Amino acid sequence: QLQVVESGGGLVQPGGSLRLACAVSGVPGFNSDYYVVTWFRQAPGKEREGISCISSTGGSTRYADSVNGRFTISRDNAKGTVYLQLNALKPEDAGVYYCAVDIYLTAVPEMCLDPKEYDYWGQGTQVTVSS
């Protein structure tokens with residue numbers, strides 16, 4: 001079964017950094033590396049927000065305007081893991097961060113931040129930004 005597991009969340013002060021990891025396993029097909037991964041976040045009382053996506057090879061990435069220049073997404077296909085480096089964190093960055101996987105490659109760049117494009121989700125990891 002395809003599994004998605006996030007890790008790396010925690011409590012950090014404003015201006016600090018965290019590195020989140022999304023471990024993906026059980027992808028079907030002859031090429032198990034071909035999937036799109038997107039990070040989402042959801043703050044209490046707010047809508048789920050797509051913040052960054054990455055192509056199967058890692059050659060194409062996209063960022064929401066709210067995090068562009070501060071967050072960096074990358075992947076290590078040998079480890080089956082996608083990372084999100086969170087720098088210069090602000091209180092408004094706090095929330096539950098979710099990793100989502102698209103194995104059907106419908107999450108093209110213009111659509112990759114839309115949660116409706118994804119069927120596989122992790123349980124989330126909590127990021128708290130507070131002084």
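Keep in mind that this is a model prediction, so the values were computed, not measured.
- Looking at every heavy atom in both residues, V129 comes nearest to A94 through N-CB, 3.9 Å.
- Smallest separation of non-hydrogen atoms from P14 and S131: CD-N, 3.7 Å.
- Taken to the nearest 0.5 Å, the OG atom of S52 stands 7.5 Å off from the CG atom of L113.
- Taking D93 as the reference, R41, R70 meet the side-chain hydrogen bond (donor to acceptor under 3.5 Å, both in side chains) condition, with sequence neighbours excluded.
- Note on ring orientation: taking the six-membered ring where Trp is involved, the planes of F40 and Y118 are perpendicular (angle over 60°, cut-offs 30° and 60°).
- Side chains of S66 and E92: a donor-acceptor N/O pair is absent below 3.5 angstrom, by distance only.
- The cluster map of Ile, Leu, Val, Met, Phe, Trp and Tyr, joined by side-chain heavy atoms under 4.5 Å apart, puts I54 and L2 in the same cluster.
- Sorted pairs that involve residues 76-108 and meet ring-ring contact (aromatic ring centres under 6.0 Å, His included), not counting sequence neighbours, are lacking altogether.
- The aromatic ring centres of W39 and F71 sit 6.0 Å or more apart.
- For Q85 against S17, the heavy-atom pair with the smallest separation is NE2-CB, 3.9 Å.
- Going from atom CG of D119 over to atom CD1 of I103 covers 8.0 Å, rounded to the nearest 0.5 Å.
- Minimum interatomic distance between T57 and R75 (heavy atoms only, all atoms of both residues): C-CD, 4.3 Å.
- Nearest heavy atom pair, residue N77 against residue D33, reads O-OD1, 3.7 Å.
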